[in-house]
Protein chains: 2
Amino acid sequence: MEDGTSLSGTHIDVRATNSCEIRDLLDRLADKWSLLVIELLGSGTRRFSELNRDIEEISQRMLTLTLRNLERDGLVSRTVHPVVPPRVDYALTALGESLLAAVHPLVSWTREHRDEIAAARERYDTRREPEGER
Amino acid sequence: MEDGTSLSGTHIDVRATNSCEIRDLLDRLADKWSLLVIELLGSGTRRFSELNRDIEEISQRMLTLTLRNLERDGLVSRTVHPVVPPRVDYALTALGESLLAAVHPLVSWTREHRDEIAAARERYDTRREPEGER
DNA sequence: CGGCATCCTAAGGGATACTG
DNA sequence: CAGTATCCCTTAGGATGCCG
C-alpha cells in the first residue's frame, strides 16, 4: 500500500539508553521534511496548500506522508472542515510545541556556527584534495 | 538542492531564515549515525574499534563515513598514533561539544515524551486500522 | 587495527495522473 | 482543495574483500 513511509524501525537493541533515545529521535525527525513542517506550524495553523506553498520544494506526496507521520506521533493535529472546497487545517499540538521548543537550541546553534562549519569544511577539503588538476 | 527560490514575501519569511537553517542542520545530522557518534564521544575519546563495538549495529563503512563527515565539519578530531597495530582516536572538538550541548534538550524531550508518542501512535493506528489482521 | 573500494539491495522521495 | 495511487530513479547503507 504505502511504500515511501518509514513507519518501521524501533527494533533496536534496548541496551544503550542514550543511543535508543537518539535513535528514537532520529527515526522521528531525521527525515527530509518533518522538522521543517514543525517549524512552519510553529508560527501558526496552516492549511495543506499553504504548507505546500511555503515549503515549495516539497511534493504533495511527501507533504502528505510527513503530516500523517506527525499526526500519528501526536505532534500535529489535523482538522477537516466539511466545506465545499475541502479545507484542512494543520496545527501543532501541545506536544508538538514542546518539541519545537526543544529544537530551538539546535536551530540557534546552527545559525551561530554555520560559518565555523563552512570554514572547517573548506579546510578539510583543501587539505585532502590539493591535487585534482595537474 | 537548489534553494534560492525566494517568493511569498507576504508574511514571515520562515523559509528564508529558519528553514534554511533547519535544512542545513538536517543535512548535517539527519543521517542514521552522526548524532549517535557525537553522543558517544560526548563521554570521552574513543578509538575506532571502540565506537564500532559500542554502536554495534553500525557497519565499518558507515562508521568511517560518519566520522569523516564529522571531521570535515570540524565536530570531531581524528588522531592517528603511529604504532604497530594502528590506533586512531576520535574526540569531540569544542565545536562538537557545543553541538552536543544544543542537542541535549532534544534528547531530554525524547526521553520525557517517549510514552506520549507511543500512546499517540497506538491511538492513531487503532483508529485507522481496526481491521487489518485476520 | 583502521579503513578504502566494490557490489548490490531497499528505502526515500520526485513527477505525474486520478478522485471525492 | 486535499489528497491517493503509480511509476521510476536516486540514494543510503549493508556485506564483503583487500591492503598498510
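Note on naming: letters A, B, ... go to the chains in the order of the sequence lines (proteins, then strands), and numbering restarts at 1 for each one. From a predicted model like this one, the values you see are computed outputs, not experimental measurements.
Between Arg23(B) and Asp27(B), none of the side-chain N atoms (NZ, or NE/NH1/NH2) sits under 4.0 Å from a carboxylate O, so this pair counts as no salt bridge. Between Asp73(B) and Arg121(A) there is a salt bridge, since a side-chain N of the basic residue sits under 4.0 Å from a carboxylate O of the acidic one.
Not one side-chain nitrogen or oxygen of Lys32(B) sits closer than 4.0 Å to the OP1 or OP2 atom of dA11(C). In this model, the phosphate group of dG3(C) is approached by a side-chain N or O of Tyr90(B) to a distance below 4.0 Å at OP1 or OP2. OP1 or OP2 of dA2(D) lies within a sub-4.0 Å distance of a side-chain N or O belonging to Ser49(A).
Of the candidates dG14(C), dC1(C), dG3(D), the closest approach to any side-chain atom of Pro85(B) belongs to dC1(C). Ranking dG2(C), dG3(C), dG14(D) by closeness to the Trp33(B) side chain, first place goes to dG14(D).
Counting non-hydrogen atoms of neighbouring residues, nucleotides and ligands closer than 6.0 angstrom, the CD atom of Glu50(B) exceeds 12 such neighbours.
Atom pair Arg68(A):CZ and dG13(C):C1' shows a separation of 17 Å (rounding to whole Å applied). Atom CZ of Arg61(A) is separated from atom C1' of dA11(C) by 11 Å (rounded to the nearest Å). The interatomic distance linking Arg78(A) (CZ) with dT4(D) (P) rounds to 7 Å, in whole Å. At whole-Å resolution of the value, CG in Leu51(A) and P in dG3(D) are 10 Å apart. Rounded to whole Å, the distance from CZ on Arg23(A) to C1' on dG13(D) is 13 Å. If you measure from atom CG of Leu63(B) to atom C1' of dA15(D), you get 16 Å, rounded to the nearest angstrom. What separates CD1 of Ile58(B) from P of dG2(C) is a distance of 14 Å, to the nearest Å. Separating the CD atom of Gln60(B) from the C1' atom of dC1(C) is a distance of 10 Å, rounded to the nearest angstrom.
Both Thr64(A) and Pro86(A) lie close to DNA chain D; mapped to their nearest nucleotides by heavy-atom distance, the more 5′-ward contact belongs to Pro86(A).
With hydrogens and angles disregarded, a donor-acceptor distance shorter than 3.5 Å links the side chain of Thr93(A) to the backbone of Gly74(A).
Residue-level contact check: Arg47(A) touches the backbone only, with heavy atoms under 4.0 Å from sugar-phosphate atoms and none from bases.
Val83(B) and Phe48(B) are assigned to two separate hydrophobic clusters, defined by single-linkage of ILVMFWY side chains at heavy-atom distances under 4.5 Å.
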